[in-house]
Amino acid sequence: MIGTLLRFVDDRALLRRFRLLMAASAAVRAATVLTLFPLLRELLSDEPSGAWPWIGLLAVLVLASWVVDVRYARASFAIGFMLLRSVEQRVLHRFERLAIPDVTPAIASATQRALTAAGQELCSGFAYVIAPLLATLVATVLIGIGLAVVSPWLGLVALVSLVALSLAMAVSGTLIRRAEGAYDAASSDVGERIVEFAQAQRALRASGRPVDEDSALGRALGRQRRATRRLLGMALPGTLLFALAGQAALAGLAVVAIALSRDGSLSGPEVVALVVVSVRFLEPFFTAAGLSATLEVTRGSLQRVEQLLATSPLPEPAGEEAPAAVPGAPTLELRAVDFAYPSGPPVLRGIDLVAQRGRTVAVVGPSGSGKSTLLSLAARLVDPQAGEVLLDGAPARAYPLEALSARVGAVLQDVYLLDAPLLENIRLARPEASDDEVRAAGAAAQLEEVVERLPDGWRTRVGEGGALLSGGERQRVSIARALLKRAPLLLLDEATSAVDALTERALVDALQADAAERATVVVAHRLGTIADADEILFVDGGTVVERGTHAELLAADGRFAAYWRQRESAASWTLSGDGPARVGASARC
Ligand SMILES: Nc1ncnc2c1ncn2[C@@H]1O[C@H](COP(=O)(O)OP(=O)(O)OP(=O)(O)O)[C@@H](O)[C@H]1O
């Protein structure tokens, strides 16, 4: 465990200092305890004044121990904090690079635990438990060697005691570990259910379902309660076993000391001194017994962090440079792409798509046909199982994440805003943008009238997930981000579905303002957007069943033409109390 923990620490010099100080601390502690033997022997002899030199040595050792231990504690804390930072950085780095379908509630909950608890547990576990325990255990071994010098028999009993106590510690650790594992699984489950419970509040309240023992959260809490009881119960047998082994070891050392006194090998004062040294020899084990539960918590935290880091991220190139663009290559190209979500059926098969600078490709098709998934592939939120996604002629996989993100602006279906000021939410797209640039993008995305209503204008915090804004207002923020980014590839997935027709017109104008500078791929339901596209891909059942311009596809009178007629007809219908009634609405939005 210690080796694994220290792999998180990159500072070699600090590690070297830590090891040296640990060895020094153990040596000084062992010397302090062993000095008690001659000191007590002299003190209890007929000539107590012979103890003075040993008292002097003890004073020097106590002072040295204080100096070394302070430095050792500082090095331990430095390593503990480095562990904390390293765990945070690695967990976040991995999380950011997971394919979106891999960001499951279980991974989200494990990441949350790693960032809120595991890092701190590893930090304090190392500084307060592992480091002191390490020095103490090494000191114990050194004291055992010292006892062997006094008498091989004592050394043998010390060795047997060490083995017995280590076994007791291992058994106690295993029991606690098992219970800890079950507790951890139960508490992760509670974490997932709580996230689900929070997200599903509207639906749960609408259905009037209370949280009781039969609900998913109620059952998860029940499992956590049982696991807690078991965890607390499991600490007991280990502690008892440990106490038993400790008493037996002490008795063994005392018996040998008395036997040595009876055969004349040791004097009375030496026996007393040995008993004192033996007690000090066993002391660290009792300390360790008290700390074994904390040790197991640290071990459990480490395991969880390691499991999280073992999830495979989207592959990334080693360097930070974006690959060179191939002259004349389209901004985006999908070649014979196949895709399926983890352990799901194929969602896209043999998709070819070319989006050139200055042109718009509309992806059209029935619900569930794979349109949003196609955009996720273009934005490299997922990787295809077969075929290739190319940006400027280079594989998307060859782009480092930051370089890729700079090339793609996206307004996707699920707009998520951070609980931060509106200005900062837009600035996410281009952190170096000035306030004026951010405001200009916001104004083009029709946010000015929203800002006027907000209490602190552009600096109003929008609440978690953008809760203070409506769906249409959140979409406008997402469009403002895309406008601010000015990326060469723009992906729009029903970007204006939640805004009124007037605002939509203005947003479409803003998005088209410099359309000549970039390639646009748009998943569209609105007829105007579809008709204006340079190419339309009609997708059904995960394949492109028709492609061409609007006029070509209507002339072909195939699947798209039927879809178009149906949509046109639907656009002119509205619901009234007596059922659908035709009104004179325009088919173009
Ligand atoms: N994260 C996911 N995990 C597993 N399956 C998914 C996931 N997201 C989508 N799917 C499945 O992939 C298929 C295509 O979904 P997608 O969202 O791409 O369709 P769509 O054409 O955009 O639909 P809509 O027009 O309703 O938004 C659907 O069958 C859907 O159930």
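No experiment lies behind these values; they were computed from the predicted model shown.
To the nearest 0.5 Å, atom CG of residue D383 and atom CG of residue L377 are 8.0 Å apart. Rounding to the nearest 0.5 Å places OG of S172 at 9.5 Å from CZ of R177. Atoms CD and CD, on Q303 and E306 in that order, are 8.0 Å from each other to the nearest 0.5 Å. Separation of atoms CG (L122) and CD1 (I79) is listed at 13.0 Å; rounding is to 0.5 Å. One distance of note links CZ of R71 with CZ of R17; it measures 8.5 Å at 0.5 Å rounding. In this structure, L147 CG and S278 OG are separated by 5.5 Å, a value rounded to the nearest 0.5 Å.
Shown here is E321, whose CD atom has no more than 12 heavy atoms of other residues, nucleotides or ligands within 6.0 Å. For OH of Y128, the number of neighbouring non-hydrogen atoms (other residues, nucleotides, ligands) closer than 6.0 Å is 12 at most.
Looking at N425, its side chain does come within 3.5 Å of a backbone N or O of A420 through a donor-acceptor pair. Q385 places a side-chain N or O within 3.5 Å of a backbone atom of A340 that can act as its donor or acceptor partner.
Donor-acceptor pairing under 3.5 Å is lacking for the side chains of S188 and R304. Checked by atom type, the side-chain pair S25/R29 shows a donor-acceptor distance below 3.5 Å.
Contact annotation: the side chain of L308 never approaches that of R94 to less than 4.5 Å [non-hydrogen atoms, C-beta and beyond]. Residues L162 and F281 have side chains in contact (heavy-atom distance under 4.5 Å, counting atoms from C-beta outward). When side chains are defined from C-beta on, F339 does not count as touching L334, because their heavy atoms never get closer than 4.5 Å. Between K485 and S405 there is a side-chain heavy-atom pair separated by less than 4.5 Å. E196 places a side-chain heavy atom less than 4.5 Å from the side chain of R193. The closest side-chain heavy-atom distance from D102 to I107 is not below 4.5 Å.
Taking 4.0 Å as the cut-off between side-chain N and carboxylate O, R461 and D419 count as a salt-bridged pair. Classification of R90 and D10 as a salt-bridged pair holds, one side-chain N sitting under 4.0 Å from a carboxylate O. A salt bridge links E402 with R97: at least one charged nitrogen is closer than 4.0 Å to a carboxylate oxygen. Look at R427 and E424 and you find a salt bridge, because one of the NZ, NE, NH1 or NH2 atoms lies within 4.0 Å of a carboxylate O, short of that distance.
Here the closest heavy-atom approach between residue E388 and residue P395 is recorded as OE2-CG, 3.8 Å. Between V190 and A220, the shortest heavy-atom contact is CG2-O, 3.4 Å. The minimum heavy-atom distance between S478 and A410, with the atom names listed, is OG-O, 4.1 Å. Here the closest non-hydrogen pair linking A135 and Y72 is CB-CE2, 3.7 Å. In plain terms, the two heavy atoms of L489 and L391 that are nearest each other are CD2-CD2, 3.9 Å. Contact between G368 and K371 at its shortest, heavy atoms only, is N-NZ, 4.5 Å.
Between T111 and the choices V91, L92, L98, V305, the side-chain contact (heavy atoms from CB on, under 4.5 Å) rule is met once, by V91.
Between F18 and F126, the distance from one ring center to the other falls under 6.0 angstrom.
Checked against side chain to side chain contact (heavy atoms under 4.5 Å, CB included), A251 has no partners two or more places apart in sequence or in another chain.
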